[in-house]
Amino acid sequence: MASSDQAGQAASAAVIDPEEARRVRMRKLERTGSWLLPLLIMVAAIILWDRICVWNGIPQYILPRPGVVLDTLIKDAALLFSSLVVTLRITVLSLALAVIGGVGLSVLFTQSRFIEMSLFPFAIILQVTPIVAIFPLINIYVDDQTTKLLLCAWIVAFFPILSNTTLGLNSVDRNLIDYFKLNGATRWQTLWHLRLPAAMPYFLGGLKIAGGLALIGAVVAEFVAGTAGQSSGLASRIIEAGYRLNAPRLFAALILISVTGILIFLALSWISHLVLHRWHESALKQEH
């Protein structure tokens, strides 16, 4: 009797709802397609690039073939990766300063509406003014070259952190704020235990935006500053390669910048997932 009951339970368990089976197949297909489709498109684009060069007989100094770019990337690895380290150092430092300044100023804004009304317009002015227009002033008042580049990259990366974090701190449920007040919580206790956790998804969203902008700011600052020499960043290698009509090195430097930007975004997305995946709805949905 027991064996027949067990067999019945096994048979019923083996029967899967068709709709649920379809959902499982779709989830597997989406997981596979999320990396397979971009990979296939990228491979197809590289093959097309190579064929265009061959079919049209395009000279190497105008548009090099992908194999030539890869060979240049390997051959000039020491020079290009040393320049990448310089650009990355500016990027990471400017992003760290943007986080410190943006979060700190956002906290001040939530503590005083008058401070927010007084200072937020200046943050907007920094954001909407092109960095190439600001750099001549920086060049006059700042002597150190690294500080110039760092300041330019910081200006570009600062606003997304400030605006997103401020939005998150101000988006807390008013009923929860009233509940904290009824229980005698101080302003700083409310900030630490309620506002900051609620603002975390907004901050992490701004951080992912600022990470790419910090890299862009570092590269643009190098272009505007016109840095040169062995200790220069990737932008200087691009300018130098352009002057010498060394298109393979130019493309290799561009690929390094693009790959670095992708890796920065993936790293910050991973950090965001680690922080949010146990409790926030945006990350929980990704797990189902």
Side-chain angles (χ1 to χ4, degrees), residues 34-35 38-39 41-43 45-46 49 63-100 102 131-132 135 145-161 164 203-242 246-275:
S34 64
W35 62 268
L39 181 62
I41 296 297
M42 182 63 68
V43 171
I46 292 174
W49 170 10
L63 181 63
R65 296 176 63 181
V68 176
V69 175
L70 180 60
D71 182 65
T72 303
L73 184 58
I74 296 172
K75 184 178 63 177
D76 296 343
L79 179 64
L80 292 175
F81 279 93
S82 64
S83 297
L84 175 62
V85 170
V86 174
T87 301
L88 266 181
R89 182 163 59 100
I90 299 297
T91 301
V92 173
L93 286 175
S94 63
L95 183 59
L97 290 175
V99 169
I100 295 171
I131 193 63
V132 293
F135 186 81
Q145 187 73 10
T146 301
T147 306
K148 293 177 185 178
L149 301 178
L150 186 60
L151 189 56
C152 288
W154 172 81
I155 290 174
V156 176
F158 169 71
F159 189 77
I161 300 288
N164 279 38
F203 162 72
L204 292 171
L207 183 65
K208 286 190 284 187
I209 299 172
L213 289 179
L215 178 62
I216 293 172
V219 173
V220 171
E222 290 174 6
F223 269 110
V224 178
T227 55
Q230 289 297 114
S231 60
S232 302
L234 281 176
S236 300
R237 300 294 161 231
I238 293 174
I239 295 172
E240 177 188 3
N246 189 348
R249 180 182 290 180
L250 192 153
F251 272 81
L254 284 174
I255 289 172
L256 271 184
I257 292 174
S258 299
V259 171
T260 301
I262 293 171
L263 291 177
I264 289 173
F265 180 81
L266 291 177
L268 294 177
S269 298
W270 178 71
I271 292 173
S272 176
H273 178 74
L274 284 182
V275 174

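Numbers here simply count residues along the sequence, with the first being 1. Source: prediction; values computed, not measured.
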Looking at side-chain heavy atoms only, is the closest gap between [X] and [Y] below 4.5 Å?
| X | Y | value |
| --- | --- | --- |
| Phe81 | Leu84 | yes |
| Phe203 | Val99 | yes |
| Leu250 | Asn246 | no |
| Leu150 | Arg89 | no |
| Phe251 | Thr72 | no |
| Trp49 | Arg65 | no |
| Val259 | Leu256 | no |
| Leu204 | Leu207 | yes |

Where is the tightest heavy-atom contact between [X] and [Y], given as atom of each residue plus distance?
| X | Y | answer |
| --- | --- | --- |
| Asn164 | Gly205 | ND2-C, 3.8 Å |
| Ala98 | Ile161 | O-CG2, 3.7 Å |
| Leu213 | Val156 | O-CG1, 3.4 Å |
| Ala157 | Ala210 | O-CB, 3.4 Å |
| Pro64 | Ala247 | CD-CB, 3.8 Å |
| Ala252 | Val69 | N-CG1, 3.8 Å |

Do Glu222 and Thr87 have side-chain atoms, one donor and one acceptor, less than 3.5 Å apart?
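Yes.
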
Is it the case that the side chains of Arg237 and Ser83 hold a donor-acceptor pair, with the cut-off being a distance below 3.5 Å and no angle test?
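Result is yes, a qualifying pair exists.
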
Where the side chain of Ser94 meets the backbone of Ile90, is there a donor-acceptor pair that is under 3.5 Å apart?
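Answer holds: yes.
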
Got a donor-acceptor contact below 3.5 angstrom from the Ser269 side chain to the Phe265 backbone?
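Yes, the answer is positive, given that a donor and an acceptor are paired below the 3.5 Å cut-off.
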
More than 12 heavy atoms of other groups within 6.0 Å of Ile41 CD1
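Incorrect, the count does not exceed 12.
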
Can you measure from [atom1] ([X]) to [atom2] ([Y]) and round to the nearest 0.5 angstrom?
| X | Y | atom1 | atom2 | result |
| --- | --- | --- | --- | --- |
| Ile257 | Ile216 | CD1 | CD1 | 10.0 Å |
| Ser82 | Leu80 | OG | CG | 7.5 Å |
| Trp154 | Ile100 | CH2 | CD1 | 11.5 Å |
| Arg249 | Ile238 | CZ | CD1 | 12.0 Å |
| Leu215 | Thr260 | CG | OG1 | 6.5 Å |
| Ile155 | Leu97 | CD1 | CG | 11.5 Å |

For side-chain contact (heavy atoms from CB on, under 4.5 Å), just list the numbers for Ile271 and Leu268, CA-CA rounded to whole Å, side-chain angles, deciding distance to a tenth of an Å, and then say yes or no.
CA-CA 5 Å; Ile271 292 173; Leu268 294 177; 4.3 Å; yes

